[in-house]
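One structure is given here, and the rest of the page talks about it.
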Protein chains: 2
Amino acid sequence: MKVKEVAELVGISVRTLHHYDEIGLLTPDETTEAGYRVYSDENLETLQQILFFKELGFPLKKIKEIIDSPSFDREEALIMQHKMLLEKKRRLEKMIGTIEKTIQHSKGEIQMSKQEKFEGFDFSHNPYEQEARERWGDKAVDEANEKAKNMTASDQEKFNGIYRSLAAIRHLSPDCKEAQEGINEWYHFISKFGNYSLDAFKGLGQMYVDDERFTKNIDKFGEGLAQFMCDAMAVYADKNKK
Amino acid sequence: MKVKEVAELVGISVRTLHHYDEIGLLTPDETTEAGYRVYSDENLETLQQILFFKELGFPLKKIKEIIDSPSFDREEALIMQHKMLLEKKRRLEKMIGTIEKTIQHSKGEIQMSKQEKFEGFDFSHNPYEQEARERWGDKAVDEANEKAKNMTASDQEKFNGIYRSLAAIRHLSPDCKEAQEGINEWYHFISKFGNYSLDAFKGLGQMYVDDERFTKNIDKFGEGLAQFMCDAMAVYADKNKK
DNA sequence: TATAAAGTATCCCGTAACGTGAGAGTCAAT
DNA sequence: ATTGACTCTCACGTTACGGGATACTTTATA
């Protein structure tokens with residue numbers, strides 16, 4: 001899809017798409033030899049994410065940080081966004097209530113306190129904002145990026161080592177002893193780079209197959225490794241829960 | 001109320017209030033001798049109006065035009081804003097639907113078309129936007145302001161003349177012949193400055209008593225004139241309806 | 001097949017609505 | 001008398017594009 005098609009589909013301007021490209025927020029996967037931007041389906045999904053975050057008032061810079069972060073999880077984001085949009089709706093409903101009261105008030109039918117006249121305006125008290133800040137605030141995202149960057153050469157070696165040893169047994173059952181031992185090592189190793197609960201760990205595994213950027217990388221060590229790890233990680237998480 | 005109190009009450013920053021003062025959008029009625037801004041209750045009502053318009057995406061410049069316009073009617077604005085907020089809520093609900101579908105889609109539970117992935121984003125199709133543009137668009141407001149400015153000295157004289165002659169009979173009944181003849185002249189005269197239906201004319205009369213800026217001006221020609229004109233205009237409108 | 005019309009690209013200046021200090025005066029309470 | 005919370009006025013910085021200029025590509029039409 002070319003710029004104008006995308007622009008009309010989602011209701012934004014061509015200039016906006018240019019802008020997002022300029023700042024590296026959304027660079028089209030492909031460009032024709034004439035230099036025309038061509039947006040892929042994946043680009044559209046990213047755009048959707050961007051627009052959700054934008055609707056919630058996130059600045060573009062932070063949106064970029066978030067979706068570029070190695071710890072970014074689309075589904076997690078969608079769920080958080082869902083919660084925040086519901087909250088925004090509640091806020092809007094309050095505002096509508098406020099305006100209705102104000103109309104009555106202007107007719108002299110009811111009394112209104114000063115606070116009442118401004119109910120719904122205060123955007124800063126969204127209960128999920130705090131949660132979002134914790135998850136996506138500067139600190140959290142920076143740390144995640146930092147940890148990813150701080151991966152030394154030896155870490156990289158270790159990564160590859162684990163991948164290779166898991167790849168070697170990827171045709172066994174995900175819940176066999178060897179697999180679970182490998183995953184155990186994996187779990188403790190990646191904890192260096194992020195604080196994963198068992199549930200998060202399981203989610204991470206899911207991402208290996210859901211997000212093809214991961215799938216591709218992992219399957220370089222052996223076709224089907226991503227799926228195998230995903231399954232084994234799920235088993236591991238469930239087994240160690242209680 | 002001083003800046004910080006107002007800021008905290010409505011959930012905006014002190015700088016924002018300073019800004020609104022700078023651009024002449026909201027100038028506090030009073031200032032202490034030290035130069036501290038002191039906001040009156042009326043200022044707060046204006047601020048509420050401003051914030052409603054802002055929530056609906058109006059630029060501050062236009063907001064200023066609208067609320068400064070001689071044809072501005074607070075209640076009319078509230079009603080229009082109410083409609084537009086409801087529309088915004090519907091849009092938000094669509095977005096929430098979209099996000100819910102997207103979550104299902106990402107789990108592979110359902111299919112989604114491209115259009116569906118962006119439902120709710122397009123802000124430009126609010127049915128009341130058109131209505132608002134007609135009412136408050138550049139043309140309408142400009143014309144109103146233009147007409148008000150284009151009032152020549154002789155027009156001003158005529159204004160005063162009618163006011164005076166109506167003031168002279170303001171103790172008669174609003175539906176007596178003299179009053180209705182005066183109002184008839186009034187109706188045809190002000191039509192030069194705006195296109196008033198009979199209903200609008202009646203509404204205008206109501207404004208004379210509702211909005212104290214008008215009341216004050218009119219009552220300069222005689223205490224109670226505003227109320228008298230309001231009553232007589234209502235009678236005139238009803239009589240000439242069918 | 002020429003030629004117009006529509007779409008796209010980059011460059012670059014403009015704007016809107018504040019944010020963010022800096023430096024200084026003011027006010028209420030200890 | 002002093003401290004701390006508030007206030008003022010500059011004045012420059014930032015964000016997220018808007019909008020024009022100019023040039024190249026692609027599509028539609030004669």
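Within every chain, numbering begins at 1; the chains are lettered A, B, ... in the order of the sequence lines, protein sequences first and strands thereafter.
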Report task. For A/Tyr208, enumerate each residue passing the ring-ring contact (aromatic ring centres under 6.0 Å, His included) test, keeping only those at least two apart in sequence or located in another chain. Result ->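 In terms of ring-ring contact (aromatic ring centres under 6.0 Å, His included), with neighbours along the sequence ignored, A/Tyr208 is linked to A/Phe214.
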
**Report entry** For B/Phe52, all residues meeting ring-ring contact (aromatic ring centres under 6.0 Å, His included), sequence neighbours excluded
**Finding:**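 Scan of B/Phe52 (ring-ring contact (aromatic ring centres under 6.0 Å, His included), adjacent residues dropped) gives A/Phe121.
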
Query raised in the report: Looking across every strand, which nucleic acid part, if any, lies under 4.0 Å from A/Val14 by heavy atom: base, sugar-phosphate, or nothing?
Result: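 Result for A/Val14 = nothing.
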
Report task. Send over the distance from B/Lys4 NZ to D/dG4 P, rounded to a whole Å. Result ->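 Taking atom P of D/dG4 as the reference, NZ of B/Lys4 is at 16 Å.
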
Report task. May I have the distance from A/Lys64 (atom NZ) to D/dA16 (atom P), rounded to whole angstrom? Result ->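 Computing the A/Lys64:NZ to D/dA16:P distance gives 13 Å.
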
Query raised in the report: Below 4.5 Å, heavy atoms only, C-beta onward: do B/Leu47 and A/Lys117 meet side chain to side chain?
Result: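 No, too far: nothing below the 4.5 Å cut-off.
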
**Report entry** Ionic contact status for A/Arg90 with A/Glu93, cut-off 4.0 Å
**Finding:**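 No salt bridge links A/Glu93 with A/Arg90.
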
Query raised in the report: Ion pair present between A/Glu8 and A/Lys4, side-chain N to carboxylate O less than 4.0 angstrom?
Result: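 Salt bridge present between A/Glu8 and A/Lys4.
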
Query raised in the report: So does A/Lys54 get a side-chain nitrogen or oxygen closer than 4.0 Å to the phosphate oxygens (OP1/OP2) of D/dC17?
Result: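 Yes, within the criterion.
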
Query raised in the report: How long is the gap from OG1 on B/Thr102 to CE on B/Met95, to the nearest 0.5 Å?
Result: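 Here the rounded value is 9.5 Å.
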
Query raised in the report: When you look at CD of A/Glu223, are more than 12 heavy atoms from neighbouring residues, nucleotides or ligands closer to it than 6.0 Å?
Result: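 Not more than 12 within 6.0 Å, no.
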
Contacts of type side chain to side chain donor-acceptor pair (under 3.5 Å), residue [X], not counting sequence neighbours:
| X | result |
| --- | --- |
| A/Glu5 | none |
| B/Lys101 | none |
| A/Glu100 | B/His82 |

Using the 3.5 Å cut-off, write out each protein N or O paired with an N or O of nucleotides 19-21 of chain D and the distance between them.
unit_1, atom_1, unit_2, atom_2, d
D/dG19, O6, A/Arg15, NE, 2.9

Query raised in the report: Does any residue of residues 18-27 of chain A have a heavy atom under 4.0 Å from DNA chain D, and if so, which ones, in number order?
Result: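 Nucleic-acid contacts, sorted: A/His19, A/Tyr20.
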
Report task. Please report the shortest heavy-atom distance between A/Ser106 and B/Glu75, naming the atom on each side. Result ->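 Scanning both residues completely, I find the closest heavy atoms to be OG-OE1, 3.4 Å.
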
Query raised in the report: Which heavy atom in B/Ala77 sits nearest to a heavy atom in B/Gln49, and how many Å separate them?
Result: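 Nearest pair, atom of B/Ala77 first, then B/Gln49: CB-OE1, 3.7 Å.
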
Report task. Specify the residues of residues 31-38 of chain A, ordered by number, for which at least one heavy atom lies under 4.0 angstrom from an atom of DNA chain C. Result ->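 Going residue by residue through residues 31-38 of chain A, the ones with a heavy atom under 4.0 Å of DNA chain C turn out to be A/Gly35, A/Tyr36, A/Arg37.
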
Query raised in the report: Nucleotide range of DNA chain C contacted by chain B, 5' to 3', under 4.0 Å to a heavy atom?
Result: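 The footprint of chain B covers C/dA17 to C/dC27.
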
Query raised in the report: Mind checking what makes side-chain contact (heavy atoms from CB on, under 4.5 Å) contact with B/Asn43, not counting sequence neighbours?
Result: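 Partners of B/Asn43 by the side-chain contact (heavy atoms from CB on, under 4.5 Å) criterion, ordered by chain and then number, come out as B/Leu26, B/Pro28, B/Asp29, B/Tyr39, B/Ser40.
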
**Report entry** With B/Glu22 via salt bridge (Lys or Arg N to Asp or Glu O under 4.0 Å) - residues at least two apart
**Finding:**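 B/Arg15.
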
Requested in this report: Note down the inter-axis angle between the two ends of the helix from C/dA17-D/dT14 to C/dT30-D/dA1, five pairs each, to the nearest 10°.
Outcome: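 Inter-axis angle at the ends, rounded: 20°.
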
**Report entry** Side-chain (B/Arg37) to main-chain (B/Thr31) donor-acceptor, under 3.5 angstrom
**Finding:**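 No: the side chain of B/Arg37 does not pair with the backbone of B/Thr31.
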
